[in-house]
Amino acid sequence: MHELPKHFDHTSAQLRCRELWDAGKLWHAEPQAGEEQAPQPVFSMVIPPPNVTGALHLGHALNNTLQDILVRTRRMQGFRTLWMPGTDHAGIATQAVVERRLLEEEKLSRHDLGREKLVERIWAWKEQYEARILGQLRELGASCDWDRTRFTLDERCATAVREAFYRLFQQGLVRRGKRLVNWDTFLQTAVSDDEVFHEEVKGHFWHIRYAVVDPQAGEPSHVTVATTRPETLLGDTAVAVHPDPAAAFAAVEAGLREKIAAASAKEKPQIEAELDAVAARRTEMLAGLERLAGMARAGRTVRLPLLGREIPLVADEWAKPEMGSGCVKITPAHDPNDYEVGLRQRLPMLNILNPDGTLNPEAGPYQGLTIRKAREKLVADLEEAGQLEAVEDRLIDLAHSDRSKTPIEPYLADQWFIRMAELAEPALAAVENGSVKIHPSRYAKSYLDWLGEKRDWPVGRQLWWGHRIPIWHVEGVAAADLEAAFAGRGDVAWAEADGEPADGSATRWFVCCKAEALGVEAIAGRPLERDPDVLDTWFSSALWPHSTLGWPEATAELATFYPTTTLITSRDIITLWVARMVIMGIFNTGHVPFADVAIHPKILDRYGETMSKSKGNGVDPLDVIESLGADALRFGMASMATETQDVRMPVEFACPACGQRIEQTTANRTKPRIECTKCGEPFRTQWAASDADLALPRGPAVSERFDSGRNFSNKLWNATRFVLMNLEGFEGGCVDAAAASADLPLEDAWLRSRLATVTTEVTAAIDAFRFADAARTLYAFAWDEYCSAYLELCKSRLADPATRASAQAMLITGLDTILRLLHPIMPFVTEELWQHLREAARSRRMPWDATDRDPDAAPAESVMVARWPAPPASWRDTQSEERFGTFLGVVGAIREIRARQNVPPKTVVTVVIKADDAKQTLLAPMLGAVATMAVAEVVDVGPQVQPPAMAAKVAAAGCEVAVDLAGLVDVEAELARVTKDREKLGGLIEGKRKKLSNESFVARAPAEVVAKEREQLAEMEERLASLVAMAADLRSRA
RNA sequence: GGGCGGCUAGCUCAGUUGGUUAGAGCGCUACGUUCACACCGUAGAGGUCACAGGUUCGAAUCCUGUGCCGCCCA
């Protein structure tokens, strides 16, 4: 006899399973060979490559669990299945991490080290973290094709990047232009909007006077503007006033009146006060503003304080009459709104900053100062000059760089752009016409909205870590020189530079080369200089689905696996990544990169905050894998992956000493050490820094939400343990798939039917990316139906030699099917059990295996490559399911009475059941099962049976179940229960009667609904009558 | 400011086209440990489905508005 230990040991099982899968490379996929006759259906998917910035977090665990579920399912379904793994170099994020460490540990900046050395350091970092990430993915059980692992900065990707950029360049889709960027003065690079976070800080609002140049009679001698950033006045190129202040006031007042009309009584007074204030301002200021607008139209100027530069007064709607003085200073090169004004009004754009955040020569006497110092000095100078009118305290929403945590400076810089006008069209069409489907479909809107704007894509980054832009600059040469220099070169293209300030000196050229090296250093004596920028990290990511398969070469991989089938990702990168993959996929290959995009939720902590290491509220997937097992982690993830909501995950610290779980709160999550609330022992957290704290054992952060997955693993383990203990004498073979339900024991017909139904449901759920449905369906079926019902029923059949063999066969059929269906979600425990079952029941066959396998062959060497279940449609049998429901109802009724009467668990109760002929027939063979499951002896079943004198009765599934209480009765308990039931039932009956006496309902509701209501009412009334009789009976005995 | 999502049991979440006595897991209560599993079993308590209107014979579900939370885009 094959006996398993009592508990599933996930640690050793995970090792064994991975060895098995790796030894056979069961995750590997070869492309279709050309001569193959019947092409196998293909399923392929690329991983969203994790950044090599650090270790994987729970979001990755979720993302990769869902991908693996899909991949494993398709593999078992017989698809030629490829899951392409890899990592992303993550430009700025990785460089920032390495630079920060360099500064902290060696007090060196990247400039101290130089480009080459820094890049070397980053490669070393990448090697370390890539290994760690890939290790984590394997621990999670991801069945990627590890032989194909790629990196967005490896040679193959680099070739694709250069080729793609070259093609864009050739088609005139690359341009150079000015752009106001978010400048990180610490890292000295532009950062994208999504790498910026906003934080409120305390600041001031300075009111500054600008003198009017040659004021005429009736004109003010100065205008006042207010700013939170006085130092930017050095770059001011205008002061703006609204062109039509009267209209602007009218619009604001109309808006407020509308608000009042719609407002609640509570809010009204406040808005009314606001309206009064605006009206007062209008009275006071309108004339002055009208005069200023007139002056602006007349082309008058004002004088910039301190520098004395003369700048125009312009009329622009950006100036808000209802705010401040109604006038606003315009600094186009250092403020996004002012930049727009600058473009509209054709103002000069004056940059006053150096890349490191100090002021440049444009700042005159303030040159060389940092922004902070310049502000102090400038404010002091203004005050001394008497041009500072007022200073207010104010909270300021300040943009910070996510990478360096320093304030962002808006900064005008030359940038590389990809033109989107043409490229976006086919990508929009792909989603509109359904060649790319996004699930859930509501996310298509954000894709279409974003892409519809067709904003040019700024692709250059002033970094050292990334794909170097394959462009060289040269000036002062003629077109003929270039033609001569690159004669016969098919890999070089050039174009006259645009966007650069034309100082009239010499023609400037951009030369683009798709080879790794240009091979030409000078043309006509003029040097070629390589552009220092690297490409946005999303550029290489955009090529990921085809670059990983070998594009631009026409590889067999590309032919077989591209376009890929599905992409699974999170919603925050629909625009950054998904849209760009569609664009570049179509541009480079002519095909969309994938047919379906499945979006999954985000994982938040118990307060609804996103998890992050810096907040200290994260959970390390490895902690969960170690303590509860990868299957528990995966099962939890799968059951959480619903379509609508983000996931809230309460986090707990696990005490390393006693295992107690301590709730993680905003208060304790940043502490370096925590004391256990139960045993009092201290443990350290991720924040531990002192030697004393570091010496403590670590308390991992986990979540109770993975417990049920762990429990479920163990349940499956023990169900299999039970089956294996009862296999003696098993002769094997297959259950008779063609047997008619009527010829089987009821529970077998029921289980077969359920297996068919559950297989259909689970398959459909996975197909539709409803992973939570699949997980929950399987959990309920395996636990409540297979274990709690079927397995219990088999106990008596296994004891009887006449029925033992059939019970074994069906038990194995059920278990085998469950293991296969669950394998994609919980690969380790199912594999481990599969191996045990394979050994103990080598001769077993499933009907869906027989078709294409040698009938004498053993079951598949791994459940990973076993066939996905396909129970015959004939197994579905609603009648058996219904009948089985009757049986379970009877068992439930007896258990209910036992519990109420406090009957000791081992005391056998005597039961009679009043049931019609049909139910009597179906219950007759099940009485042995009732005896096992309810510890009851059923002495009589039939339409005419009389309950014993002293009995507790419960109506269930159309039968009346009566338990003889002689010697047991607790009359009080019974009376209490009967009374309570009567009350509840009375209320329900009243509701139903009311509904049915409503003529409108009877007339308008569908006939079947009315009939159902009537039926229910009749049944309830019957039950009530029975309860009344019971109560009377009980009282007479009390 | 615009768009999207959420608000259902103490907690975390299901609830398919409007028709159930609104469900699950965890937690809680009671009882139960040789006999697959205490990471277990049996039974039970617990909800005016955020709020206010509306449509309908009938609303957790559809519509309108409000509030709070979150995300995306400006």
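Just so we're on the same page: letters track the sequence lines, and every chain starts at 1.
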Among [options], which nucleotide sits nearest the side chain of [X]?
{"X": "A/S708", "options": "B/C4, B/U42, B/G25", "value": "B/G25"}
{"X": "A/N711", "options": "B/G19, B/C69, B/C39", "value": "B/C39"}
{"X": "A/A1005", "options": "B/C39, B/G19, B/C35", "value": "B/G19"}
{"X": "A/N714", "options": "B/C26, B/C39, B/A36", "value": "B/C39"}
{"X": "A/R648", "options": "B/U20, B/U12, B/C37", "value": "B/U12"}
{"X": "A/R895", "options": "B/A36, B/U42, B/C69", "value": "B/U42"}
{"X": "A/K906", "options": "B/C37, B/U34, B/C11", "value": "B/U34"}
{"X": "A/M725", "options": "B/G19, B/A36, B/C37", "value": "B/A36"}
{"X": "A/R705", "options": "B/C37, B/A36, B/U12", "value": "B/U12"}
{"X": "A/M1020", "options": "B/U21, B/A43, B/G19", "value": "B/U21"}

If we call it a pair only when both distances are under 3.5 Å in a Watson-Crick or G-U wobble match, what pairs with [N]?
{"N": "B/G32", "value": "B/C40"}
{"N": "B/C11", "value": "B/G25"}
{"N": "B/C4", "value": "B/G70"}
{"N": "B/A52", "value": "B/U64"}
{"N": "B/G18", "value": "none"}

What is the distance, to the nearest angstrom, from the [atom1] atom on [X] to the [atom2] atom on [N]?
{"X": "A/E317", "N": "B/G1", "atom1": "CD", "atom2": "P", "answer": "19 Å"}
{"X": "A/L604", "N": "B/G5", "atom1": "CG", "atom2": "P", "answer": "17 Å"}
{"X": "A/I818", "N": "B/A36", "atom1": "CD1", "atom2": "P", "answer": "18 Å"}
{"X": "A/I812", "N": "B/A36", "atom1": "CD1", "atom2": "P", "answer": "17 Å"}
{"X": "A/L4", "N": "B/C39", "atom1": "CG", "atom2": "P", "answer": "18 Å"}
{"X": "A/N726", "N": "B/C37", "atom1": "CG", "atom2": "C1'", "answer": "14 Å"}
{"X": "A/D572", "N": "B/G3", "atom1": "CG", "atom2": "P", "answer": "22 Å"}
{"X": "A/D631", "N": "B/C39", "atom1": "CG", "atom2": "P", "answer": "18 Å"}

Are A/Y779 and A/F635 close enough that their ring centres sit under 6.0 Å apart?
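For A/Y779 and A/F635, the ring centres are under 6.0 Å apart.
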
Between A/Y786 and A/F781, does the ring centre distance come in under 6.0 Å?
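Between A/Y786 and A/F781, the centre distance exceeds or equals 6.0 Å.
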
If you pin A/D784 and A/N718 to their nearest nucleotides in RNA chain B, which one's is more 5'?
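Nearest-nucleotide comparison on RNA chain B picks A/D784.
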
Using a 4.0 Å heavy-atom cut-off across all strands, classify [X] as base, sugar-phosphate, or nothing.
{"X": "A/E792", "result": "base"}
{"X": "A/R898", "result": "nothing"}
{"X": "A/L791", "result": "base"}
{"X": "A/K715", "result": "base"}
{"X": "A/Q1016", "result": "sugar-phosphate"}

According to a cutoff of under 5.5 Å between the ring centres and under 30° between the ring planes, does A/H7 stack with the base of B/C37?
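Base of B/C37: not stacked against A/H7.
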
May I ask you to say whether A/R661 pairs ionically with A/E704, meaning some side-chain N is under 4.0 Å from a carboxylate O?
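Salt bridge: no.
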
Salt bridge flag under 4.0 Å for residues A/E1021 and A/R993
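Salt bridge: yes.
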
Contact under 4.0 Å: [X] side-chain N or O vs [N] OP1/OP2:
{"X": "A/R455", "N": "B/A74", "value": "yes"}
{"X": "A/K602", "N": "B/C72", "value": "no"}
{"X": "A/K445", "N": "B/G3", "value": "no"}
{"X": "A/W783", "N": "B/G41", "value": "yes"}

For [N] versus [M], give the span between their [atom1] atoms, rounded off to a whole number of Å.
{"N": "B/A9", "M": "B/C49", "atom1": "P", "value": "10 Å"}
{"N": "B/G46", "M": "B/A24", "atom1": "C1'", "value": "14 Å"}
{"N": "B/A14", "M": "B/C7", "atom1": "P", "value": "8 Å"}
{"N": "B/C63", "M": "B/U20", "atom1": "C1'", "value": "24 Å"}
{"N": "B/G27", "M": "B/G2", "atom1": "C1'", "value": "42 Å"}
{"N": "B/C31", "M": "B/G47", "atom1": "P", "value": "23 Å"}
{"N": "B/G44", "M": "B/G5", "atom1": "C1'", "value": "37 Å"}
{"N": "B/U48", "M": "B/C11", "atom1": "P", "value": "13 Å"}

Do you see a donor-acceptor pair shorter than 3.5 Å between the side chains of A/S12 and A/D9?
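The answer is yes; a qualifying pair exists.
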
Looking only at side chains, do A/H10 and A/D631 share a donor and an acceptor under 3.5 Å apart?
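Looking only at side-chain atoms, A/D631 and A/H10 do not form any donor-acceptor pair under 3.5 Å.
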
Crowded around A/W783 CH2? As in, over 12 foreign heavy atoms under 6.0 Å?
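Yes, the 6.0 Å shell around CH2 holds more than 12 heavy atoms from other groups.
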
Taking everything shown except A/E317 itself, do over 12 heavy atoms lie less than 6.0 Å from its CD?
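Counting other residues, nucleotides and ligands, CD of A/E317 stays at 12 neighbours or fewer.
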
Spacing of A/S446 atom OG and A/D572 atom CG [to the nearest 0.5 Å]
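Going from OG on A/S446 over to CG on A/D572, the span is 10.5 Å.
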
